[in-house]
Amino acid sequence: MYTPTLFSLSAGPRLPHRRGGAAATPMAFVRAVVQVYAQRGMDPGAALQAAQITPGEVAHEDARITAWQMEALCGAAMHELDDEALGWFERRLPWGSYGMLARASISAPHLGLALARWCRHHRLLADAITLSLSADGAGAAIAIAEHRPLGAGGSLREFCLVSVLRNIHGLACWFVDSRLPLRAVEFPFEAPVHASTYSLLFPGPVGFGAAQAAIHFDSSYLALPLARDEAALRQMLRRALPLTVLQYRHERLLSARVRQLLADDPATLQGATLLAERLNLSPRTLHRQLRQEGSSLQQLKNEVRLGQARQLLRHSDRPIKLVALAAGYANEKSFIRAFRGWTGMAPAQWRAQSRGGV
């Protein structure tokens, strides 16, 4: 079974060296786990020892721990407390609860239905929060409505909302085997002292003081087919933290985003630098990720130019020379040669055929 409290890795103030690389998880989340033990009259000593965290370090406000330590702590706590929600809700979620949600979603034909199932079925586990998936045009969002305090007196609110959103985002990436960039991440509380950690947990702009917790992303991802099956799910459930700790390095929709930018802004057809800037990538990363998708920048440029040329040839009476210039070619001769390579015929011949001529 996997840990639903999920945290990323980055540099930060760290405890003495332990497994797991750089320390980025704030000690506030460790104290939240310790608090649950106290509320249930139990000793967190064994769980802290499993994560190599001393009681003295728990009180260190600025300390950070590694993802490995957080995984070890939460794994031990979930077993001892028999609660995968770690005290967030009025009733415990027995070991395997979140795995049940994943199994109920894995058979969906596309990500949109998988996420909708996850949100709907989460209500069967807990009624303190409701997750909802919405899509409006190019944007989609997963939001959390709160119906009662999370933890005693709402003391676990931040820990719960961060964990639930981080969990469903990481699982969504795993479902489709793709990075899922976030347009925005929102939380309904003021920025905590460790707010800088949030940019490491969520790949997108993070804001505080919102109406409710939510992640926003491109709705095109909802149509992606799931890239995993039941066998892959069983393997993942044995230890799932790495799927959220390690950011996905390729994006299955990158080619589509590049194609759209090339079509919307002719200036991006001139080279990779401006295009990469618009995508918040380096030119080298842009080329590498396109190769991983089996595409290339030149191929996408050719596709966009061909599409523009076809539209002009079919729906306008512009001379071939002006069509060539509009499609980004320096002269008519090079355009005719390229167009013939794409379609097997000269532009004038293609125009006549597309309009019902010979």
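Values below: every heavy atom of this structure, side chains too, minus hydrogens, waters and symmetry copies.
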Short question: side chain of Arg31, backbone of Val58 - any donor-acceptor pair under 3.5 Å? yes
Report yes or no: does Thr343 contribute a side-chain atom to a donor-acceptor pair with the main-chain N or O of Arg340 at less than 3.5 Å? no
Straight-line distance of Arg351 CZ to Leu312 CG, nearest 0.5 Å: 8.5 Å
Tyr221 ring center within less than 6.0 Å of Phe175 ring center: no
Closest contact, heavy atoms only, Leu133 versus Cys119: N-SG, 4.2 Å
Are the side chains of Met100 and Arg103 in contact, using a 4.5 Å heavy-atom criterion? no
Rounded to the nearest 0.5 Å, the CG atom of Leu131 sits from the CZ atom of Arg123 at a distance of 9.0 Å
Between the CG atom in Leu93 and the CG atom in Leu124, the distance rounded to the nearest 0.5 Å is 11.5 Å
Verify, without hydrogens or angle tests, whether His169 (side chain) and Leu180 (backbone) share a donor-acceptor contact under 3.5 angstrom. yes
Can you find a side-chain donor-acceptor pair between Ser155 and Gln35 that sits under 3.5 Å? yes
Test the Arg157-Phe189 pair against the cation-pi criterion, namely NZ or CZ under 6.0 angstrom from the six-membered ring centroid and within 45° of the ring axis. no
Tell me whether Gln308 contacts the main-chain N or O of Arg305 through its side chain, where contact means a donor paired with an acceptor under 3.5 Å. no
Tested for salt bridge (charged side-chain N to carboxylate O under 4.0 Å, His left out) against Asp83, the lone hit among Arg40, Arg92, Arg91 is Arg40
Nearest-0.5 Å distance that lies between atom CE in Met27 and atom CD in Glu57: 6.0 Å
Polar side chain donor-acceptor pair, Glu158 to His194, under 3.5 angstrom: yes
Does Glu186 use its side chain to pair, donor to acceptor, with the backbone of Ala211 at less than 3.5 Å? no
Give, for atom NE2 of His216 and atom CZ of Arg183, the distance between the pair rounded to the nearest 0.5 Å. 10.0 Å
